[in-house]
Amino acid sequence: MKNNINELKEKIIGNAKEEAAMVLSRAGKAKERILNQAKQEEKKIKEEAEERGKILFEKEKSRIISKEKMDEKKELLVLRKRLFDLLFADLEKELNSMLKKGKLDSWIISCCKEILKKEKEISFVAEEEYINYFEEICKNMKNINFAGEPIKAGFLIRGKDNEYDFRFSVLAENIIKQNMKMIAAKLGVNNG
């Protein structure tokens with residue numbers, strides 16, 4: 001009987017060991033399956049995160065490049081404006097200098113004659129200190145009245161219905177506007 005009990009005991013222990021080995025084997029396989037699934041899920045999450053990271057990186061890179069281009073363009077526009085402002089001031093000074101040296105006399109006479117054809121009678125308006133100078137230039141012309149008014153350098157010619165603006169600031173501005181592309185290209189600031 002003791003043998004039977006020992007045999008039974010051995011049989012139960014053997015069965016238990018077999019069952020434990022099967023449970024451990026199944027648990028090992030389940031563990032391996034879970035680990036493989038986790039590794040696959042980790043790989044998928046990592047790939048998605050990398051892809052999102054690349055997309056975000058490209059967006060940020062594009063935003064930075066775009067901002068840099070806008071900043072460069074803004075700087076170029078500021079530079080361009082400064083250059084045109086300097087050019088404007090230089091042109092205005094040059095016109096004033098040409099007037100004082102008599103280099104505009106024939107042009108002034110020509111302008112008056114052309115306007116007199118349309119208007120028949122004109123008023124020549126300039127700063128008070130230059131009126132005598134303009135009267136001297138136009139002394140051989142008829143139907144011109146002269147008036148001193150506080151205007152910027154240059155002059156105005158007024159007809160019955162029209163006013164012709166020859167102030168040097170306006171002339172300089174018109175010269176620059178008419179030649180803006182060429183001037184910008186020569187200055188190297190033709191973008192914007």
Side-chain angles (χ1 to χ4, degrees), residues 53-192:
K54 286 178 184 176
I55 290 169
L56 288 173
F57 173 77
E58 289 301 320
K59 282 182 180 178
E60 185 63 15
K61 181 178 154 186
S62 293
R63 187 190 68 76
I64 289 170
I65 289 170
S66 179
K67 184 181 180 328
E68 286 174 354
K69 284 182 180 178
M70 284 177 57
D71 289 346
E72 284 176 18
K73 189 161 187 138
K74 199 183 293 182
E75 286 176 24
L76 183 64
L77 289 172
V78 167
L79 173 64
R80 181 179 170 165
K81 183 181 180 334
R82 284 185 190 149
L83 289 171
F84 277 103
D85 288 347
L86 289 171
L87 180 61
F88 176 83
D90 285 349
L91 256 173
E92 208 172 2
K93 282 181 192 172
E94 183 61 25
L95 287 167
N96 222 349
S97 172
M98 290 172 72
L99 175 70
K100 289 176 182 174
K101 292 176 182 175
K103 293 182 177 181
L104 297 179
D105 294 359
S106 61
W107 174 73
I108 293 168
I109 292 168
S110 174
C111 290
C112 288
K113 285 180 179 178
E114 193 65 34
I115 294 169
L116 272 169
K117 288 178 188 174
K118 297 175 195 169
E119 300 287 344
K120 306 298 180 221
E121 189 173 328
I122 60 172
S123 290
F124 196 101
V125 181
E127 288 180 279
E128 193 69 47
E129 65 181 282
Y130 288 105
I131 284 297
N132 292 336
Y133 179 77
F134 289 120
E135 283 178 342
E136 182 62 30
I137 292 172
C138 300
K139 67 183 174 191
N140 295 328
M141 299 176 78
K142 295 180 181 175
N143 300 326
I144 298 180
N145 300 312
F146 293 89
E149 289 184 14
I151 65 168
K152 282 188 158 191
F155 57 95
L156 301 170
I157 298 177
R158 292 182 182 140
K160 182 178 178 186
D161 298 319
N162 298 306
E163 180 174 89
Y164 305 87
D165 197 340
F166 295 97
R167 288 173 296 159
F168 295 156
S169 60
V170 174
L171 294 174
E173 186 177 331
N174 288 339
I175 290 168
I176 289 171
K177 280 182 182 176
Q178 290 170 358
N179 298 289
M180 183 144 328
K181 286 184 181 179
M182 187 243 344
I183 294 167
K186 287 194 182 261
L187 293 174
V189 291
N190 49 343
N191 292 339

Item to check | Nearest heavy atoms of A172 and L95, plus distance in Å | outcome: N-CD1, 4.3 Å
Next on the checklist: Nearest 0.5 Å, please: how far is CG in L156 from CD1 in I151?
Outcome noted: 4.0 Å
Checklist entry - Would a 4.5 Å heavy-atom cut-off, applied to side chains only, mark F168 and L104 as touching? => result yes
Item to check | Interatomic distance, L171 atom CG to F155 atom CZ [nearest 0.5 angstrom] | outcome: 7.0 Å
Checklist entry - How far does CD1 of I157 sit from CD of E114, to the nearest 0.5 angstrom? => result 10.5 Å
Checklist entry - When rounded to the nearest 0.5 angstrom, what distance separates SG in C111 from NZ in K113? => result 11.5 Å
Show me the donor-acceptor pairs, under 3.5 Å and distance only, between side chains in residues 116-138 and residues at least two apart or in other chains.
residue : atom : partner : partner atom : Å
E119    : OE1  : K160    : N            : 3.0
E119    : OE2  : N162    : ND2          : 2.9
E119    : OE2  : Y164    : OH           : 2.8
K120    : NZ   : K117    : O            : 3.1
E121    : OE2  : N145    : ND2          : 3.3
Y133    : OH   : L99     : O            : 2.9
Y133    : OH   : D105    : OD1          : 2.7
E136    : OE2  : K139    : NZ           : 2.8

Checklist entry - Distance from K73 atom NZ to E68 atom CD, nearest 0.5 Å? => result 16.0 Å
Next on the checklist: For the backbone of E58 and the side chain of S62, can you confirm whether one donor and one acceptor N or O come within less than 3.5 Å of each other?
Outcome noted: yes
Checklist entry - About how many Å separate CG of D165 and CZ of R158, when rounded to the nearest 0.5 Å? => result 9.5 Å
Checklist entry - If you look at every heavy atom in K152 and R167, which pair is closest and at what distance? => result O-CG, 4.1 Å
